[in-house]
Every structure is written in C-alpha cells, then in structure tokens.
Amino acid sequence: MNVFRLAGDVSHLVAIIILLVKIWRSKSCAGISGKSQVLFALVFTTRYLDLFTVFISAYNTIMKVVFLAMSYATVYLIYMRFRNMYDSENDTFRVEFLLVPVIGLSFLENYAFTPLEILWTFSIFLEAVAIMPQLFMITKTGEAESITTHYLFFLGLYRALYIANWVWRYHTEEFFDQIAVVSGVVQTIFYCDFFYLYVTRVLRGKAKMILP
Amino acid sequence: EKGEPPHDEL
C-alpha cells in the first residue's frame, strides 16, 4: 500500500458516494446513465469473486464489500426507487458493443485460463470502457449537472492515481500487472477530454457543464 | 513478468 494507491481508492469511494448522495437527496437520477452503473456493478461482481477464495487484508475485504454494496444501491435507486426520473431516452448507448469484445478479449488475453481469472480479466477490461454510456449521454444531451461532473472528476482522478501507484510499485517492488496497467491507461485516456472541460467550465463557476 | 493471482488491488 502506498499513498497513491490509498488516495486512488479514496477518490473512487468519494466518486461513488457523491453519485449515491446526489440521487438520494435530489430524488432523481436525471442525467445519470443507468447502463454505466449496471456495468460498474458487473465489474465489481466479477472482480471481487475472490472474496470467497483468498483473504488479502481487512482493508481489502471491507473496501470490496463497500464498493459492491454501493454499486448495487446505485443501480437500485436508478431502476427501482426513482425509475420514473430515469432518462432512458438519452441512455441509448449499445452496451453489447462493449460486452462482446470485452468478453472475447478476456478469453484471449489472461493470466490463467480459469473461470476466476477470466472473470477478473473481464472486469478489468470492462471497467476501462464502462463509463462510455455516461460520456455518450452527456455528448447526446450536450450538458451535465455540475454534481455529475464532480462524480466523473473523482472517477478520473482515481484512475490517474492508480497509474502513479503502478509507477511507484514498479520502481519499489518490481510489480507490473500488464493487463491492469494497459487497460488502466486506456481508461484514463477516456477522461482526458472531460478533465479539460471540467477545469475550463465547471471550476469557473458554471452550474452546468455545457458542451461547446 | 506477468502479475500472478491473488490480485491485491481494488
């Protein structure tokens, strides 16, 4: 555990809490892609199956359970509790275009051809692209509420900090997880354009982020 | 070198 990794995990936690609290307090999930949230719940579910097979640390176990619980709570709020506010007309990204290549790739490129390893690889690849329905939705509507952009900012920050964590681990413990690093870098690239808009628009006091 | 399970990151 290093400071980048810890800060990355905290950013990830903050992002998920921001989204959950926003939906709960506004009693609305307008502007939120339910599809992205289902994909994230799928990411956590397939990655954290090792909860049943290995014990890494109390921190690891607790964080995994918290992420799982919060991602399912988010999906529940969007599709059950506040489903009449769900903006399905603008959440039209075709997730099968993500799932099919990701499933194929996880069978081709993995560390071991075992069910748990293939599912772990699937979760890593899927996480890299899971935000695309949300970014697609923002592009389609041309705007995002500032709280949604704060959520995306912390999610992107988490990815950037994980890259710093991998650089640190590479130099201090010669750790290099090729699958995680390559897809992590790809994932971070998706946030770059958004980061630019966030800094130039949202942080300068706009209530909404309107796309140029 | 390839990383080996268990995966200790979240």
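A, B, ... follow the sequence lines: proteins, then strands. Residue 1 opens every chain.
More than 12 heavy atoms of other residues, nucleotides or ligands lie within 6.0 Å of CD in Glu96(A), so this atom counts as buried by the packing criterion. The number of heavy atoms from other shown groups lying within 6.0 Å of OH (Tyr59(A)) is above 12.
Closest of all the heavy-atom pairs between Leu10(B) and Phe67(A) is CD1-CE1, 3.9 Å. Contact detail for His7(B) and Asp50(A): the closest heavy-atom pair is O-OD2, 4.0 Å. Contact between Asn60(A) and Asp8(B) at its shortest, heavy atoms only, is ND2-O, 3.1 Å.
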With side chain to side chain contact (heavy atoms under 4.5 Å, CB included) as the criterion, how do Asp9(A) and Glu9(B) come out once you've worked through the C-alpha distance, each side chain's angles and the decisive distance to 0.1 Å?
CA-CA 9 Å; Asp9(A) 288 345; Glu9(B) 293 180 340; over 6 Å; no

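For Phe55(A), no part lies near chain B; criterion is any non-hydrogen pair under 4.5 Å. Neither the backbone nor the side chain of Phe44(A) comes within less than 4.5 Å of any heavy atom of chain B.
The stretch residues 119-131 of chain A participates, sequence neighbours left out, in these salt bridge (Lys or Arg N to Asp or Glu O under 4.0 Å) pairs: Arg47(A)-Glu127(A), Glu127(A)-Arg159(A).
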